[in-house]
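This report refers to the structure that appears directly beneath it.
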Amino acid sequence: MTSGVPQEHADLVVVGAGIVGLAHAVAAVRRGLSVVVVERDEHATGATVRNFGHGCVTAQQGAALEYALAARGEWLRLAREAGVWLRDAGTVVLARAEDEHAVLAEFAEARHGDVHLLDAAGVARRVPAGPEVTGGAWLPLDVRVDPRQAAHAIAAWLAGQGVRFLWSTAAWSVEPGRVRTSRGEVTADAVVLAVGHDLDRHFPDLAEQAGVVRCGLHMLRVRDPRPGTPIDPAVLTGFSLLRYAGFGDCPSLPAVRARLTATHPDLVAAGLNLMFTQLPGGDLTIGDTHAYGRTLDPYRDEALDEAVLAETARLLGTGPLTVRERWHGVYAASTAQDFLVATPAPGVRAVAVTSGIGMTTALGLAPRILDDLLP
């Protein structure tokens, strides 16, 4: 649709073509509904393409685990139908200390078969690791996609199903049954606003009441340090145990936190989730550190990146890593809830994953939203 083209109508208008918005479009298409997606950029460029591509299913709990399990099935289906690059190889959590082994053993007992403990040889059969790694665990339910390809593949598939995309189009206002855009007006039976941290650009009072801020993360792409050795699983570490809610009830977790805080206070303060995934060409995506605020400063602390590089090299047992790219990602965050679902106007849902697990959960969350919005 371009300026001057008559008004369009759809069963559902989605504002935002990141993974949360695309998930709602997928769920609507599965129900045979007509959909228009409004996206301010020419293609997805936000948090959806700046992450690890990790469907971190097992390490969730509560509603997040329920959504993650449902999303896993949808990712597998989209791999078949939309050509999404996917590896169904789980996650390996590397342990380098006794307290980390204890947490993983406690987690395995709580998860009744969804966590398989590994000794050092078991780790080596799945991922390359340095001599500091003494074992770990395999989480077989987790999946990986290529974040640089997944959203574009889903959007192309949706377009082939009849979804109309208004790219490079700003949503000026979201009202009951209507979205006013820079290319005209679109009416709909229902509207989903899925703009992540930019919720405060549309409904600032709602964002403030929900405690939504911006989380800025630093990530890097490094040259494959072990060419010819594919790493199909995602790889987590002891630092990751501090970041995912599923580990939160493990009795040994405070010991891990205390030790890492004593030995790496700067990295714990920066919210390091030391992990990596492998891109299809072999390079590794590594990271990540976090900073929070309503408005984020644009400056990046090189010391943190250097520490992430050094820690990753130690994990892999290699020499210095070669950086190919660095980037700064931003996503919505809130300490009040993992998922923000609000009704700022009749027939409108504002939806955001406010816990950094959008790739993991959005495809499972969206059908629940539509159950309520378009029963």
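- Minimum heavy-atom separation, Arg180 to Arg178: NH2-NH1, 3.2 Å.
- Side-chain atoms of Gln337 come within 3.5 Å of backbone atoms of Ala210 as a donor-acceptor pair (strictly under, hydrogens ignored).
- When all heavy atoms of Ala17 and Trp167 are compared, the pair lying nearest together is CB-CZ3, 3.8 Å.
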Tabulate below the donor-acceptor pairs under 3.5 Å that side-chain atoms of residues 113-122 make, not counting sequence neighbours, or state none.
{"from": "His116", "atom 1": "NE2", "to": "Gly113", "atom 2": "O", "distance (Å)": "3.4"}
{"from": "Asp119", "atom 1": "OD1", "to": "Ala121", "atom 2": "N", "distance (Å)": "3.2"}
{"from": "Asp119", "atom 1": "OD1", "to": "Gly122", "atom 2": "N", "distance (Å)": "2.7"}

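- With hydrogens and angles disregarded, a donor-acceptor distance shorter than 3.5 Å links the side chain of Thr354 to the backbone of Asp338.
- The list of side chain to side chain donor-acceptor pair (under 3.5 Å) pairs with a residue in residues 224-242, not counting sequence neighbours, reads Ser240-Asn273.
- If you chain together hydrophobic residues whose side chains sit under 4.5 Å apart, Leu69 and Val353 never meet in one group.
- Tracing side-chain contacts under 4.5 Å through hydrophobic residues (I, L, V, M, F, W, Y), one reaches Val341 starting from Leu22; they form part of the same cluster.
- Within the model, atoms OG of Ser182 and CH2 of Trp172 stand 5.5 Å from one another, a figure rounded to the nearest 0.5 Å.
- Here the closest heavy-atom approach between residue Leu373 and residue Ala190 is recorded as CG-CB, 3.6 Å.
- Counted within 6.0 Å of CD on Glu132, heavy atoms from surrounding residues, nucleotides or ligands total more than 12; the atom is thus considered enclosed.
- Here Asp11 does not pair with Arg31 in a salt bridge; the nearest charged N to carboxylate O distance is not below 4.0 Å.
- A distance-only check finds a donor-acceptor pair linking the side chain of Arg50 to the backbone of His328 [under 3.5 Å].
- Residues Glu311 and His264 meet the side-chain proximity criterion, which asks for heavy atoms closer than 4.5 Å.
- At distances below 3.5 Å, not a single donor-acceptor pair connects side-chain atoms of Arg126 with backbone N or O atoms of Pro233.
- The number of heavy atoms from other shown groups lying within 6.0 Å of CZ (Arg72) is above 12.
- Leu220 CG to Thr285 OG1: the interatomic distance, rounded to the nearest 0.5 Å, is 9.5 Å.
- Using a 4.0 Å cut-off between charged side-chain N and carboxylate O, Glu302 and Arg326 make a salt bridge.
- Side-chain N/O atoms of Arg144 and Thr277 include no donor and acceptor closer than 3.5 Å.
- Counting only residues at least two apart or in different chains, salt bridge (charged side-chain N to carboxylate O under 4.0 Å, His left out) contacts with residues 278-298 comprise Glu208-Arg294, Arg221-Asp283, Asp283-Arg324.
- The side-chain contact (heavy atoms from CB on, under 4.5 Å) check on Arg257 picks up Leu242, Thr261, with sequence neighbours excluded.
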Practice item. Could you walk me through whether Thr58 and Thr91 pass side-chain contact (heavy atoms from CB on, under 4.5 Å), step by step? Key: CA-CA 9 Å; Thr58 311; Thr91 292; over 6 Å; no
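- Looking at Leu139 and Val57, their side chains never come closer than 4.5 Å, going by heavy atoms from C-beta outward.
- To the nearest 0.5 angstrom, Thr134 atom OG1 is 2.5 Å from His101 atom NE2.
- Here the closest non-hydrogen pair linking Val35 and Ala25 is CG1-CB, 4.1 Å.
- Side-chain atoms of Asn51 come within 3.5 Å of backbone N or O of Gly53 as a donor-acceptor pair.
- Among all heavy-atom pairs drawn from Val123 and Gly136, the shortest one is CG2-N, 3.9 Å.
- Across Asp372 and Arg349, no two heavy atoms sit closer than the pair OD2-NH2, 2.7 Å.
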**Study point:** Intermediate values then yes/no, side-chain contact (heavy atoms from CB on, under 4.5 Å), Val49 and Arg148
**Key:** CA-CA 5 Å; Val49 302; Arg148 302 176 182 226; 5.6 Å; no
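- In this structure the side chain of Trp157 never reaches within 4.5 angstrom of the side chain of Val84, judged on heavy atoms.
- Between Pro128 and Ile231 there is a side-chain heavy-atom pair separated by less than 4.5 Å.
- By the ring-ring contact (aromatic ring centres under 6.0 Å, His included) test, His197 is found to be paired with no residue, residues two or more places apart in sequence or in another chain being considered.
- Residues Ile19 and Pro147 fail the side-chain proximity criterion, which asks for heavy atoms closer than 4.5 Å.
- To the nearest 0.5 Å, atoms OG1 (Thr322) and CG (Leu284) are separated by 11.0 Å.
- Looking at Leu315, Val235, Val222 one by one, the single match for side chain to side chain contact (heavy atoms under 4.5 Å, CB included) with Ile286 turns out to be Val222.
- Hydrophobic cluster membership differs between Phe276 and Leu86, with clusters built from Ile, Leu, Val, Met, Phe, Trp and Tyr side chains linked at under 4.5 angstrom.
- In this structure the side chain of Arg243 never reaches within 4.5 angstrom of the side chain of Met275, judged on heavy atoms.
- The closest donor-acceptor contact from the side chain of Thr48 to the backbone of Gly18 lies at 3.5 Å or more, if one exists at all.
- In this structure, a donor-acceptor pair under 3.5 Å is absent between the side chains of Asp99 and Ser252.
- Using the six-membered ring where Trp is involved, Phe107 and Phe247 have ring planes that are tilted, between 30° and 60° apart.
- Linking Ile, Leu, Val, Met, Phe, Trp and Tyr whenever their side-chain heavy atoms come within less than 4.5 Å leaves Ile154 and Leu279 in two separate clusters.
- The distance from atom CG of Asp301 to atom OG1 of Thr289, rounded to the nearest 0.5 Å, is 8.0 Å.
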Check your understanding: When you look at Thr312 and Thr318, which way does the side-chain contact (heavy atoms from CB on, under 4.5 Å) test go after all the steps?
Key -> CA-CA 9 Å; Thr312 306; Thr318 67; over 6 Å; no
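- Annotation: the span from Asp205 atom CG to Leu199 atom CG amounts to 10.5 Å, rounded to 0.5 Å.
- Two residues are said to be in side-chain contact when any heavy atoms from C-beta on lie closer than 4.5 Å; Arg214 and Asp200 meet this criterion.
- Looking only at side-chain heavy atoms (C-beta outward), Leu260 and Leu267 stay at 4.5 Å or farther from each other.
- Shown here is Glu42, whose CD atom has no more than 12 heavy atoms of other residues, nucleotides or ligands within 6.0 Å.
- Between the His202 side chain and the Asp198 main chain, no donor and acceptor come within less than 3.5 Å of each other.
- Placement of Val143 and Val93 in two distinct hydrophobic clusters is found when ILVMFWY residues are connected by side-chain heavy-atom separations under 4.5 Å, directly or transitively.
- Listed for the Gln149 side chain is a donor-acceptor partner under 3.5 Å among the backbone atoms of Trp85.
- Applying the 6.0 Å contact sphere to CD of Glu81 captures more than 12 heavy atoms from other residues, nucleotides or ligands.
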Side-chain donor-acceptor pairs under 3.5 Å in residues 356-363, sequence neighbours left out?
{"from": "Thr360", "atom 1": "OG1", "to": "His54", "atom 2": "O", "distance (Å)": "3.1"}
{"from": "Thr360", "atom 1": "OG1", "to": "Cys56", "atom 2": "N", "distance (Å)": "2.9"}
{"from": "Thr361", "atom 1": "OG1", "to": "Ile357", "atom 2": "O", "distance (Å)": "2.8"}

